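The next block holds one structure in the form of C-alpha coordinates; read it before the comments.
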Amino acid sequence: MNRFQRLFAGIGAVGISLSSIAAIAGQYDAPHKWVDSASGKTYVYVPGQTPDAAVSGFSSEKAPTTRVLTLNNCGWGSFTKSTTSPPTNITGANWPPTSGSAVTCTKDAAPATTYTASNTSPVGTIIDDGTKLWVKGGTGPGAVTLQITASGAITTKANGCGFVRVTTSTSRPMTTFKIGATSYNLSSLPTVTSPMICRKVGNSSFTYVPAT
(Lines give C-alpha, C1' and ligand atoms only; values in the text may rest on other atoms or scores of the structure.)
Protein backbone atom coordinates (compact mmCIF):
# COMPACT_ATOMS: atom_id res chain seq x y z
CA MET A 1 0.00 0.00 0.00
CA ASN A 2 1.61 3.31 -1.09
CA ARG A 3 3.47 5.17 1.67
CA PHE A 4 2.26 2.69 4.29
CA GLN A 5 4.63 1.20 6.81
CA ARG A 6 3.27 -0.71 9.78
CA LEU A 7 5.21 -0.45 13.00
CA PHE A 8 3.85 -2.54 15.84
CA ALA A 9 3.86 -1.24 19.41
CA GLY A 10 5.17 -3.96 21.66
CA ILE A 11 6.22 -6.19 18.79
CA GLY A 12 9.00 -7.63 20.88
CA ALA A 13 6.65 -8.71 23.66
CA VAL A 14 6.77 -12.38 24.55
CA GLY A 15 4.08 -14.51 22.94
CA ILE A 16 3.40 -12.37 19.84
CA SER A 17 4.06 -14.56 16.81
CA LEU A 18 4.47 -13.45 13.21
CA SER A 19 1.15 -15.09 12.32
CA SER A 20 -0.57 -13.15 15.09
CA ILE A 21 0.97 -9.93 13.86
CA ALA A 22 -0.21 -10.67 10.31
CA ALA A 23 -3.73 -11.36 11.56
CA ILE A 24 -3.79 -8.11 13.53
CA ALA A 25 -2.52 -6.13 10.54
CA GLY A 26 -5.20 -7.65 8.32
CA GLN A 27 -7.94 -6.10 10.43
CA TYR A 28 -6.76 -2.66 9.41
CA ASP A 29 -6.56 -3.30 5.65
CA ALA A 30 -10.32 -2.89 5.08
CA PRO A 31 -13.00 -0.56 6.45
CA HIS A 32 -13.42 -1.13 10.20
CA LYS A 33 -14.68 0.64 13.31
CA TRP A 34 -13.32 1.54 16.70
CA VAL A 35 -15.32 2.47 19.81
CA ASP A 36 -13.70 4.95 22.16
CA SER A 37 -14.55 3.60 25.61
CA ALA A 38 -13.89 6.99 27.21
CA SER A 39 -16.37 8.96 25.08
CA GLY A 40 -18.56 6.13 23.81
CA LYS A 41 -18.16 7.44 20.26
CA THR A 42 -17.83 5.11 17.30
CA TYR A 43 -15.34 5.93 14.55
CA VAL A 44 -15.30 4.49 11.04
CA TYR A 45 -11.90 4.01 9.41
CA VAL A 46 -11.56 3.61 5.66
CA PRO A 47 -8.04 2.68 4.46
CA GLY A 48 -6.78 2.22 0.93
CA GLN A 49 -7.41 5.78 -0.27
CA THR A 50 -5.06 8.09 -2.15
CA PRO A 51 -2.94 9.93 0.44
CA ASP A 52 -3.75 13.62 0.89
CA ALA A 53 -6.52 13.43 -1.72
CA ALA A 54 -10.27 13.90 -1.55
CA VAL A 55 -12.31 10.69 -1.31
CA SER A 56 -14.72 10.70 -4.25
CA GLY A 57 -18.12 9.05 -4.17
CA PHE A 58 -18.22 8.93 -0.36
CA SER A 59 -21.76 9.17 1.00
CA SER A 60 -23.82 8.00 3.95
CA GLU A 61 -27.45 7.91 4.97
CA LYS A 62 -28.55 10.68 7.30
CA ALA A 63 -30.84 10.17 10.26
CA PRO A 64 -34.53 9.96 9.22
CA THR A 65 -36.48 13.21 9.26
CA THR A 66 -40.22 13.68 9.70
CA ARG A 67 -42.18 15.34 6.91
CA VAL A 68 -45.90 16.12 6.89
CA LEU A 69 -47.13 16.05 3.30
CA THR A 70 -50.30 17.93 2.35
CA LEU A 71 -52.62 15.90 0.12
CA ASN A 72 -54.74 17.28 -2.71
CA ASN A 73 -58.37 16.41 -3.42
CA CYS A 74 -57.27 13.12 -4.97
CA GLY A 75 -55.16 12.08 -1.98
CA TRP A 76 -51.81 12.79 -3.65
CA GLY A 77 -48.97 14.88 -2.25
CA SER A 78 -45.55 15.64 -3.66
CA PHE A 79 -42.16 17.08 -2.79
CA THR A 80 -39.08 17.99 -4.82
CA LYS A 81 -36.19 15.57 -4.67
CA SER A 82 -32.89 16.94 -3.45
CA THR A 83 -30.11 16.53 -6.00
CA THR A 84 -27.45 16.44 -3.29
CA SER A 85 -29.32 14.36 -0.68
CA PRO A 86 -31.79 12.15 -2.55
CA PRO A 87 -34.15 9.97 -0.49
CA THR A 88 -33.00 6.39 0.01
CA ASN A 89 -36.09 5.26 1.92
CA ILE A 90 -39.52 6.51 2.97
CA THR A 91 -41.38 5.01 5.90
CA GLY A 92 -45.14 5.55 5.74
CA ALA A 93 -45.40 4.69 2.03
CA ASN A 94 -44.34 1.85 -0.24
CA TRP A 95 -40.65 2.35 -1.04
CA PRO A 96 -39.07 2.08 -3.61
CA PRO A 97 -40.86 4.39 -6.06
CA THR A 98 -41.89 3.56 -9.60
CA SER A 99 -41.13 5.86 -12.53
CA GLY A 100 -44.02 7.80 -13.99
CA SER A 101 -45.48 11.15 -14.92
CA ALA A 102 -46.45 13.94 -12.55
CA VAL A 103 -49.89 13.22 -11.10
CA THR A 104 -52.73 15.62 -11.92
CA CYS A 105 -55.99 15.95 -10.01
CA THR A 106 -58.98 17.28 -12.00
CA LYS A 107 -62.45 18.16 -10.76
CA ASP A 108 -65.18 16.13 -12.46
CA ALA A 109 -67.80 17.86 -14.56
CA ALA A 110 -70.68 19.52 -12.70
CA PRO A 111 -72.86 18.70 -10.97
CA ALA A 112 -70.33 16.20 -9.63
CA THR A 113 -68.23 17.32 -6.69
CA THR A 114 -65.64 14.58 -7.04
CA TYR A 115 -62.11 14.64 -8.41
CA THR A 116 -60.19 12.24 -10.63
CA ALA A 117 -56.43 11.71 -10.60
CA SER A 118 -54.36 10.89 -13.66
CA ASN A 119 -52.91 8.02 -11.63
CA THR A 120 -55.31 5.78 -9.70
CA SER A 121 -52.73 3.60 -7.93
CA PRO A 122 -53.56 2.45 -4.39
CA VAL A 123 -52.73 4.31 -1.19
CA GLY A 124 -49.03 3.99 -0.37
CA THR A 125 -47.84 4.28 -3.96
CA ILE A 126 -44.79 6.47 -4.68
CA ILE A 127 -44.23 7.84 -8.18
CA ASP A 128 -40.91 9.37 -9.26
CA ASP A 129 -41.38 11.81 -12.16
CA GLY A 130 -37.69 12.66 -12.29
CA THR A 131 -38.00 15.90 -10.33
CA LYS A 132 -40.62 15.21 -7.69
CA LEU A 133 -41.78 12.24 -5.65
CA TRP A 134 -45.57 11.81 -5.60
CA VAL A 135 -47.09 9.93 -2.67
CA LYS A 136 -50.63 8.53 -2.57
CA GLY A 137 -51.35 9.23 1.07
CA GLY A 138 -55.13 8.89 1.14
CA THR A 139 -58.32 9.05 -0.87
CA GLY A 140 -58.94 12.77 -0.49
CA PRO A 141 -57.58 15.99 1.00
CA GLY A 142 -55.65 15.80 4.24
CA ALA A 143 -52.08 15.06 5.24
CA VAL A 144 -49.74 12.13 5.70
CA THR A 145 -46.70 11.89 7.98
CA LEU A 146 -43.60 10.33 6.45
CA GLN A 147 -40.16 9.40 7.76
CA ILE A 148 -37.67 10.25 5.03
CA THR A 149 -34.14 8.87 4.98
CA ALA A 150 -31.75 10.64 2.64
CA SER A 151 -28.18 10.13 1.55
CA GLY A 152 -25.64 12.90 1.95
CA ALA A 153 -22.15 13.33 0.55
CA ILE A 154 -19.24 13.14 2.96
CA THR A 155 -16.66 15.73 1.96
CA THR A 156 -13.29 14.69 3.31
CA LYS A 157 -9.82 13.72 2.21
CA ALA A 158 -7.48 10.97 3.25
CA ASN A 159 -4.53 11.75 5.48
CA GLY A 160 -0.90 11.25 4.45
CA CYS A 161 -1.22 7.55 5.26
CA GLY A 162 -4.16 7.08 2.90
CA PHE A 163 -6.99 6.48 5.36
CA VAL A 164 -9.93 8.54 6.60
CA ARG A 165 -11.65 8.56 9.96
CA VAL A 166 -15.32 9.54 10.25
CA THR A 167 -17.08 10.05 13.57
CA THR A 168 -20.61 8.68 13.75
CA SER A 169 -23.25 11.00 15.16
CA THR A 170 -26.99 11.35 15.63
CA SER A 171 -27.34 13.26 12.38
CA ARG A 172 -24.93 10.99 10.49
CA PRO A 173 -25.10 7.54 12.10
CA MET A 174 -23.17 5.87 9.24
CA THR A 175 -25.58 2.94 9.47
CA THR A 176 -24.94 2.42 5.78
CA PHE A 177 -22.41 4.21 3.59
CA LYS A 178 -20.94 3.98 0.12
CA ILE A 179 -17.61 4.66 -1.51
CA GLY A 180 -18.14 4.66 -5.24
CA ALA A 181 -20.28 1.65 -6.06
CA THR A 182 -19.36 -0.33 -2.93
CA SER A 183 -21.81 -0.30 -0.02
CA TYR A 184 -21.03 -1.00 3.63
CA ASN A 185 -23.07 -1.60 6.78
CA LEU A 186 -21.75 -0.28 10.08
CA SER A 187 -23.02 -3.35 11.92
CA SER A 188 -20.99 -5.62 9.62
CA LEU A 189 -17.68 -3.81 9.98
CA PRO A 190 -15.07 -5.54 12.16
CA THR A 191 -14.30 -3.81 15.45
CA VAL A 192 -10.66 -3.22 16.38
CA THR A 193 -9.53 -2.85 19.97
CA SER A 194 -7.24 0.12 19.31
CA PRO A 195 -7.12 2.69 16.49
CA MET A 196 -4.39 3.00 13.91
CA ILE A 197 -2.50 6.29 13.93
CA CYS A 198 -0.86 8.30 11.14
CA ARG A 199 2.41 10.03 11.93
CA LYS A 200 4.47 12.23 9.63
CA VAL A 201 8.24 12.01 9.81
CA GLY A 202 9.99 14.44 7.51
CA ASN A 203 8.22 14.22 4.17
CA SER A 204 6.85 10.74 4.72
CA SER A 205 3.80 9.48 6.62
CA PHE A 206 3.65 6.19 8.47
CA THR A 207 0.76 4.16 9.84
CA TYR A 208 1.19 2.81 13.36
CA VAL A 209 -0.95 -0.24 14.06
CA PRO A 210 -1.25 -1.58 17.62
CA ALA A 211 -0.10 -5.14 18.15
CA THR A 212 -2.62 -5.86 20.90
Side-chain angles (χ1 to χ4, degrees), residues 31 33 35 39-44 46 54-157 164-189:
K33 61 191 175 189
V35 180
S39 66
K41 292 183 178 180
T42 298
Y43 298 88
V44 174
V46 183
V55 180
S56 61
F58 196 4
S59 63
S60 173
E61 286 190 345
K62 300 178 180 178
T65 58
T66 300
R67 181 163 192 155
V68 179
L69 201 61
T70 301
L71 307 178
N72 61 23
N73 289 304
C74 298
W76 285 91
S78 68
F79 64 94
T80 302
K81 296 191 303 179
S82 169
T83 57
T84 57
S85 299
T88 55
N89 190 35
I90 295 179
T91 302
N94 300 328
W95 188 266
T98 57
S99 298
S101 302
V103 182
T104 60
C105 181
T106 307
K107 187 175 182 179
D108 297 328
T113 58
T114 54
Y115 292 78
T116 300
S118 58
N119 188 308
T120 57
S121 296
V123 172
T125 298
I126 306 175
I127 301 295
D128 185 346
D129 72 5
T131 301
K132 290 184 175 182
L133 288 177
W134 296 80
V135 180
K136 181 66 177 292
T139 57
V144 62
T145 300
L146 306 173
Q147 291 288 325
I148 299 176
T149 303
S151 177
I154 298 177
T155 303
T156 187
K157 72 174 187 178
V164 295
R165 186 186 81 166
V166 179
T167 308
T168 64
S169 64
T170 301
S171 60
R172 189 175 64 191
M174 296 290 288
T175 305
T176 62
F177 63 94
K178 294 180 67 175
I179 298 181
T182 305
S183 298
Y184 300 92
N185 292 314
L186 181 65
S187 60
S188 300
L189 296 182

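Predicted, not measured: the structure shown is a model, and the values here were computed from it.
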Can you tell me how far the [atom1] atom of [X] sits from the [atom2] atom of [Y], to the nearest 0.5 Å?
| X | Y | atom1 | atom2 | value |
| --- | --- | --- | --- | --- |
| L69 | I90 | CG | CD1 | 8.5 Å |
| T176 | Y184 | OG1 | OH | 13.0 Å |
| T120 | W76 | OG1 | CH2 | 8.5 Å |
| R172 | S59 | CZ | OG | 11.0 Å |
| C74 | K136 | SG | NZ | 8.0 Å |
| I127 | K132 | CD1 | NZ | 14.5 Å |

Taking every non-hydrogen atom, the tightest pair across [X] and [Y]:
| X | Y | value |
| --- | --- | --- |
| V46 | P31 | CG1-CG, 4.3 Å |
| S60 | I154 | CB-CD1, 3.7 Å |
| K62 | S85 | NZ-OG, 3.0 Å |
| N73 | C105 | C-SG, 3.9 Å |
| A102 | S118 | O-OG, 3.9 Å |
| T170 | P173 | O-CD, 3.8 Å |

Are side-chain N/O atoms of Q147 and T65 paired as donor and acceptor at under 3.5 Å?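 Distance-only check fails for Q147 and T65.
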Can you name the side chain to side chain donor-acceptor pair (under 3.5 Å) partners of T114, sequence neighbours left out?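 Counting only residues at least two positions away or on another chain, T114 forms a side chain to side chain donor-acceptor pair (under 3.5 Å) with D108.
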Exactly one of L133, I148, T149 should register a side-chain contact (heavy atoms from CB on, under 4.5 Å) with W95. Which one does?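 Of the listed options, the one satisfying the test is L133.
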What residue pairs, at least two apart or across chains, pass salt bridge (Lys or Arg N to Asp or Glu O under 4.0 Å) with a residue in residues 64-79?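 Output for this query is empty, none listed.
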Side-chain donor or acceptor of [X] paired with backbone N/O of [Y] under 3.5 Å:
| X | Y | value |
| --- | --- | --- |
| K33 | L186 | yes |
| W134 | N119 | no |
| T42 | T168 | no |

Going by the rule salt bridge (charged side-chain N to carboxylate O under 4.0 Å, His left out), which residues pair with K81 if we only count those two or more places apart in sequence or in a different chain?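 Partners of K81 by the salt bridge (charged side-chain N to carboxylate O under 4.0 Å, His left out) criterion, ordered by chain and then number, come out as D128.
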Can V164 and F58 be said to form a side chain to side chain contact (heavy atoms under 4.5 Å, CB included), step by step? CA-CA 11 Å; V164 295; F58 196 4; 4.1 Å; yes
For V166 and F177, run side chain to side chain contact (heavy atoms under 4.5 Å, CB included): C-alpha distance rounded to whole Å, both residues' side-chain angles, the deciding distance at 0.1 Å, then the answer. CA-CA 11 Å; V166 179; F177 63 94; over 6 Å; no
